[in-house]
Amino acid sequence: QAGRSSFRRNVCSSPSRPQSCMSAWVIDQYGTNGVLRCTDEIVIPAFNSANEVLIKVNAAGLNPLDVSMRGGYGATLLNLRRDPLSVMNTCSEFPLILGRDLSGVVVDCGSGVTHFAPGDEVWAAIPPWKQGSLAEYVTLTEYEVSHKPKSLSHVEAASIPYVANTALSALVSAGGLCRENASDKRVLITGASGGVGTFSIQLLKAWGAHVTVTCSQNAEGLVRGLGADEVVDYTAGDVAEQLDVMEKFDFILDNVGGDTEQWASGLLKPWSGAKHVTLVSPLLLNTDSMGLLDGMFRALFSLHNRAFQNVISNGVFYRWAFYAPDGPALDDVCRLVDTGKILPVVEAQFSFAQVPQAFQKLEDGHSRGKTVIKVA
Ligand code: NDP
């Protein structure tokens, strides 16, 4: 595969671009599963800029965020991102299309697109402020898109992008880990049996790290099969006590939050640059419940306090991490997938007609990898 900047194609808007409406699952208000509505009257998205591609979706992956967003989670910050000047009406996010992962085929390219052409098979993680993948077509910038691994089906490919971009944001951007420095690191992943965890185990093993995980007893076979070196069953007693007898860690990736915040820093090697990076922050909950300014202030105050306490008491770093769109990062993941270093972990597959059942599956919890919808 050619590098992103190594070639340029003159691609103009294709005459084969579909002109009419498309099918999609939408919500018109926030709520429980009953708000999900299937319609074939959504206008196929137009380009907002010359660097966008129109993708026909073959498969869509769901994430816990989709269930939370269905209920209104994050609406305050996401609406600000959708409409920074707040010039649109209240509730203008509706009809809202959920679904964060996609695997599909490019059908049209803006005039400024250099890396993709109609017919290319692609995968992507869709930012939560954009319309999602539970639809026939999605428009994204080419920066957000990557060529799909050739070794995977569309359903398998749709299980990876969002958790991959999230894990890379946490491990690399927030945590400073990479292929070159991970091989002598002891890493703890909490909540390792879900989407982010099953991807992170494989990535860290591909980078040569020693990986300890926490999960339920019935997920031990799965996580060991993906490469986990040591497995702690958090249902078999006090998880902090079980981890405390182990050699200390260089890095903790926290997918669980809650109590973990109380004991995680004590498990890190003191005064060695060790890091605790959590994906579970109160930022969006706070801005939803307290409003933008108060919520952000309260969240950043608590982040600052915890980070400060950790540094002065143990010399360890504490950070929050968030999903970030990054097509070039998915190019790297594609190579790891096509060389067999990262496998998709698809726990459940649903048809497009079964989207409400797929949401229910996620809402029931206890994920073991990913839930994917076959769209086409
Ligand atoms: P999943 O729902 O796929 O996985 C969560 C896993 O954790 C499940 O397998 C669950 O299985 C297990 N689990 C639950 N409680 C515990 C516990 N106390 N100890 C150990 N394991 C536990 O979620 P994801 O992997 O997709 O996401 C992980 C977390 O990261 C979520 O909280 C999610 O909201 C957050 N996230 C944040 C992002 C951000 O931008 N900040 C982006 C993506 C995810 P079982 O209950 O059977 O043990």
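Both counts, for ligands and for their atoms, begin at 1 and track the order of listing. For reference, positions follow the sequence shown, starting with 1.
Across all non-hydrogen atoms, the minimal contact from Val231 to Cys215 is CG1-SG, 3.7 Å.
No more than 12 heavy atoms of other residues, nucleotides or ligands shown are found within 6.0 angstrom of CZ on Arg298. The number of heavy atoms from other shown groups lying within 6.0 Å of CZ (Arg179) does not exceed 12.
Under the side-chain contact (heavy atoms from CB on, under 4.5 Å) criterion, Ala124 pairs with Leu102, Leu140, Val145, sequence neighbours left out. Taking the side-chain contact (heavy atoms from CB on, under 4.5 Å) definition, one finds that Tyr234 meets it with Ser216, Val239, sequence neighbours left out. With sequence neighbours excluded, the residues forming a side-chain contact (heavy atoms from CB on, under 4.5 Å) with Thr339 are Lys341, listed by chain and number.
Within 4.0 Å of ligand 1, heavy atoms belong to protein residues Pro64, Tyr162, Thr166, Gly191, Ser193, Gly194, Gly195, Val196, Thr214, Ser216, Tyr234, Asn255, Val256, Leu279, Val280, Ala321, Phe322, Tyr323, His366, Ser367, Arg368.
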